[in-house]
Every structure is written in structure tokens, then in C-alpha cells.
Amino acid sequence: MIEFLQSTIRAFWELLLLIPIPWRFLVVLLLFMLVFPWFVWRALPSLIFIFSHLLLICAKVLAYVLLFLEYLLTQYIRQQGRQPPNFIYIYGEFLSGMVSTSVEVTQQSKKIFDYAIKKRWLLRRGWFVTATIILAFTWYFRPIFRESSIAKFIDGGVMWWYSIEGWGLYSKRSSSALSSPAPTKFIQAYYLAINERQYPTAWNCLSYEFQSNRLSWSSGFISYVNSLEIIEQVNIKKISLEKQTSNSAIVKIRLQYLMRNTQTQSELKSVRLWLVRDAKTRKWMINYFRFV
């Protein structure tokens, strides 16, 4: 069952990948705006109503069985010429109260259901138009916010989206090789994260100075994602360590891109990457790269 759910989720995300970003996110957002109100105003009240009826039936059956046992016990005690103790009568009142409570719960759930069924569950068209405009504005006009709080909020939302997308496709955690002391192992893990669409993880492999380079990433994380969206897979053909010190390293790789739209291989490219160690975590970070 779990494998079926995982394969279904992955098939859903692979289908979504046919839609370019940010419209892929917009499709999911609009679907959510359709499904969530329906769930709140139709599905959830129906489930509550059905559950309360099942609860009432179970409570009644249980109460009748227990009351019948109480009747048999009372009859037996009276046949012995004794008076039934008071706790038996308290017990009977408790069972009666249980049934009454179940009936009241069912009546209240019926009122909720009747109220919800009269409500308009479909959002008005203006909500969908507004969502589309806001999403398009925040995506394409991200550079004007620079490094403000709004920009960080936008980048955080986009990173959250890609984290969910990466989980939906691969359901994997970040590779432990990203913490490897070997620069070549770190670079291989970095491109593996890209191939698995774990873009937030890959973005966090860049140093703060490189992330803040507006010439490379004018819109921050969004620019980084846009540069990777056209690539289906990165194939490393050769990797070599050119230089390494205690806090820096230079790695050269030969790679080839499988392009997403055309499904064709690019020409072999040589890339040189400059790495630095993070002062706190002591992990390698990409400080700059250049095609050579």
C-alpha cells in the first residue's frame, strides 16, 4: 500500500514537471483552492455526520447489551429475595445518559451538515485571478525586492515548494556525502542533489558570498532554479582535484547535460569550481564556478 502511494505521488509530480515553473506551482495552488473549500464545506461535514451516526449506533447497541445484562442481574438478585444495590441503578442511569449524549451529538452534527451544505464552497473567480496575479508578480519581479524581508519570504516559499517537489519525486534525504571532507565527493553529491531536484539542498551548498552575487543570481534562489529547470540531468564524465588547502580547494569536472525539453545531450563542458570551508560547520561550499 505504501509503495502504491509513493508511486502514485511520484507519477503525479512527474506529470506536473511537464508544466514549466512558476505555472506548475500555480496549477497546484489553484487545485488546492478548489479542493480545500470542497473538503471543508462538503467532505468534512459529511464525514462528521456519518461518524456521529455510526457512533450512535455503536453506543445504542452497547447500551442495550449492558442494560440487558443489568436486567438479568437484577432479576437474579430479586429471585434471591434481596434488594438490588444502588450502584446498579446508577449504572443504568449512566447507560441511559450515554445514549442521550450520542443522540445529541448526532443532532448537532446534522445541524452542522445542514449549515455547511447551504454554503457556497466554490471560491469566487476573483480569488483565482488574484492568486494568479500575485504569483506572477512575485516570481517575475523578485529582483526589485533585492535582499529585503519580502525577498527572503519569497525565496523561502520557493525553497519550500522545491523541497516538497523533491520529496514527491524521490522521497530521499540529503546525501551524507555533502559533508564529506573530500572535495570531489562533495561535488558529486552536489550534482546528485541537482539530478534529484533537491534544489534547496543544492542552493545551500553555495557560499553566502556566491548566493549574494547579483551578477550570477539576480533573483536569488529563483534565478538559480531557472538556470536548472532546463536541465533534466547532469552527467559527470570526469572529475579531478586540482588544488587543496585546509580551507579551500579547486575541482575541475567534465560534464554533459541532458536537456529537459529536447531530451538531447549537450556538448561536453569543462567546469572549474572554487570551494571554501564553512567557518562553523567545516563543510565544503561552492564559492564560485566557471566554464573553461
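The residue from Gln80, Arg78, Gln79 that alone fulfils the side-chain contact (heavy atoms from CB on, under 4.5 Å) condition with Arg82 is Gln80. When the options Phe145, Trp139, Phe137 are evaluated for a ring-ring contact (aromatic ring centres under 6.0 Å, His included) with Phe141, the one that passes is Phe137.
Arg24 places a side-chain N or O within 3.5 Å of a backbone atom of Ile19 that can act as its donor or acceptor partner. With hydrogens and angles disregarded, no donor-acceptor distance shorter than 3.5 Å links the side chain of Arg290 to the backbone of Val271. For Thr138 (side chain) and Leu135 (main-chain N/O), a donor-acceptor pair under 3.5 Å exists by modelled atom type. Using a distance-only test at 3.5 Å, with no hydrogens or angles considered, a donor-acceptor pair links the side chain of Asn195 to the main chain of Val234.
Side-chain contact check for Arg197 and Tyr199: at least one donor-acceptor pair (N or O, by modelled atom type) lies under 3.5 Å. A side-chain N or O of Thr281 and one of Asp278 form a donor-acceptor pair less than 3.5 Å apart.
One finds the CZ atom of Arg42 at 8.5 Å from the CZ atom of Phe113 (value rounded to the nearest 0.5 Å). Distance check, rounded to the nearest 0.5 Å: CZ of Phe94 to CG of Leu66 gives 9.0 Å. Here the CZ-NZ distance, from Arg272 to Lys243, works out to 11.5 Å after rounding to the nearest 0.5 Å. Here the CD1-CD1 distance, from Ile194 to Ile231, works out to 7.5 Å after rounding to the nearest 0.5 Å. Atom CG in Leu255 sits 4.5 Å away from atom OH in Tyr257 (nearest 0.5 Å). Taking CG of Leu268 as the start and CD1 of Ile253 as the end, the distance is 11.5 Å to the nearest 0.5 Å.
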Inset, instruction - Could you walk me through whether Ile117 and Trp41 pass side chain to side chain contact (heavy atoms under 4.5 Å, CB included), step by step? - result: CA-CA 7 Å; Ile117 209 70; Trp41 296 110; over 6 Å; no
Inset, instruction - Evaluate the side chain to side chain contact (heavy atoms under 4.5 Å, CB included) criterion for residues Gln211 and Trp203: first the C-alpha distance (whole Å), next the side-chain angles of each, then the deciding distance (0.1 Å), finally the verdict. - result: CA-CA 8 Å; Gln211 289 180 350; Trp203 172 255; 3.3 Å; yes
Inset, instruction - Apply side chain to side chain contact (heavy atoms under 4.5 Å, CB included) to the pair Asn247 and Arg282, showing each step before the final yes or no. - result: CA-CA 8 Å; Asn247 293 315; Arg282 303 302 296 166; 2.8 Å; yes
Legend entry - Derivation and outcome, ring-ring contact (aromatic ring centres under 6.0 Å, His included), residues Phe39 and Trp121: CA-CA 9 Å; Phe39 176 79; Trp121 68 268; over 10 Å; no
Legend entry - Working for side chain to side chain contact (heavy atoms under 4.5 Å, CB included), residues Ile250 and Leu275: CA-CA 6 Å; Ile250 300 176; Leu275 310 183; over 6 Å; no
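Residues Ser248 and Arg277 form no side-chain contact, since every pair of their non-hydrogen atoms from C-beta on lies 4.5 Å or further apart. Between Tyr191 and Ile187 the shortest side-chain heavy-atom distance falls below 4.5 Å. Residues Cys205 and Phe186 are in side-chain contact: their nearest non-hydrogen atoms beyond the backbone lie under 4.5 Å apart. Contact of the Ile21 side chain with the Asn226 side chain is registered, since non-hydrogen atoms from C-beta on lie closer than 4.5 Å. Two residues are said to be in side-chain contact when any heavy atoms from C-beta on lie closer than 4.5 Å; Ile154 and Phe221 fail this criterion. A 4.5 Å side-chain heavy-atom check between Asn235 and Gln233 finds at least one atom pair inside the cut-off. Put simply, the side chain of Ile112 does not reach to within 4.5 Å of the side chain of Tyr115, judged on heavy atoms. The shortest side-chain heavy-atom distance between Leu258 and Gln263 falls under the 4.5 Å cut-off.
Residues Val35 and Leu122 do not share a hydrophobic cluster, clusters being chains of Ile/Leu/Val/Met/Phe/Trp/Tyr side chains in contact below 4.5 Å. Note on Leu44 and Phe32: same hydrophobic cluster, where clusters join Ile, Leu, Val, Met, Phe, Trp and Tyr whose side-chain heavy atoms are under 4.5 Å apart, directly or indirectly. Residues Phe25 and Trp127 share a hydrophobic cluster, clusters being chains of Ile/Leu/Val/Met/Phe/Trp/Tyr side chains in contact below 4.5 Å. In the hydrophobic cluster analysis, where Ile, Leu, Val, Met, Phe, Trp and Tyr join through side-chain heavy atoms closer than 4.5 angstrom, Leu54 is grouped apart from Val65. Val40 and Leu31 fall within the same hydrophobic cluster, defined by Ile, Leu, Val, Met, Phe, Trp and Tyr side-chain heavy atoms under 4.5 Å apart, directly or through other members.
Shown here for Ile286 and Phe210, the closest heavy-atom pair between the two residues is O-CD2, 3.5 Å. Nearest approach of Ala182 to Trp284, heavy atoms of both residues: C-NE1, 4.2 Å. Taking every heavy atom of both residues into account, Ile77 and Pro85 meet most closely at CD1-CD, 4.0 Å. When all heavy atoms are compared, the tightest approach of Val28 to Trp161 is CG2-CH2, 3.5 Å. For the residue pair Ser266 and Met259, the shortest heavy atom distance occurs at CB-SD, 4.5 Å. Taking every heavy atom of both residues into account, Phe128 and Leu123 meet most closely at CE1-O, 3.4 Å.
In this pair, Phe291 and Phe289 present their aromatic rings perpendicular. The plane angle is above 60°, beyond the 30 to 60° band.
Atom OH of Tyr208 is surrounded by 12 or fewer heavy atoms from other residues, nucleotides or ligands within 6.0 Å. Within a 6.0 Å sphere centred on OH of Tyr76, other residues, nucleotides and ligands contribute 12 heavy atoms or fewer. By the neighbour-count criterion of 12 heavy atoms within 6.0 Å, atom CZ of Arg124 is sparsely surrounded, having that number or fewer from other residues, nucleotides or ligands. Gln244 CD: more than 12 foreign heavy atoms inside a 6.0 Å radius.
The pair Asp114-Lys110 meets the salt-bridge criterion, since a charged nitrogen lies less than 4.0 angstrom from a carboxylate oxygen.
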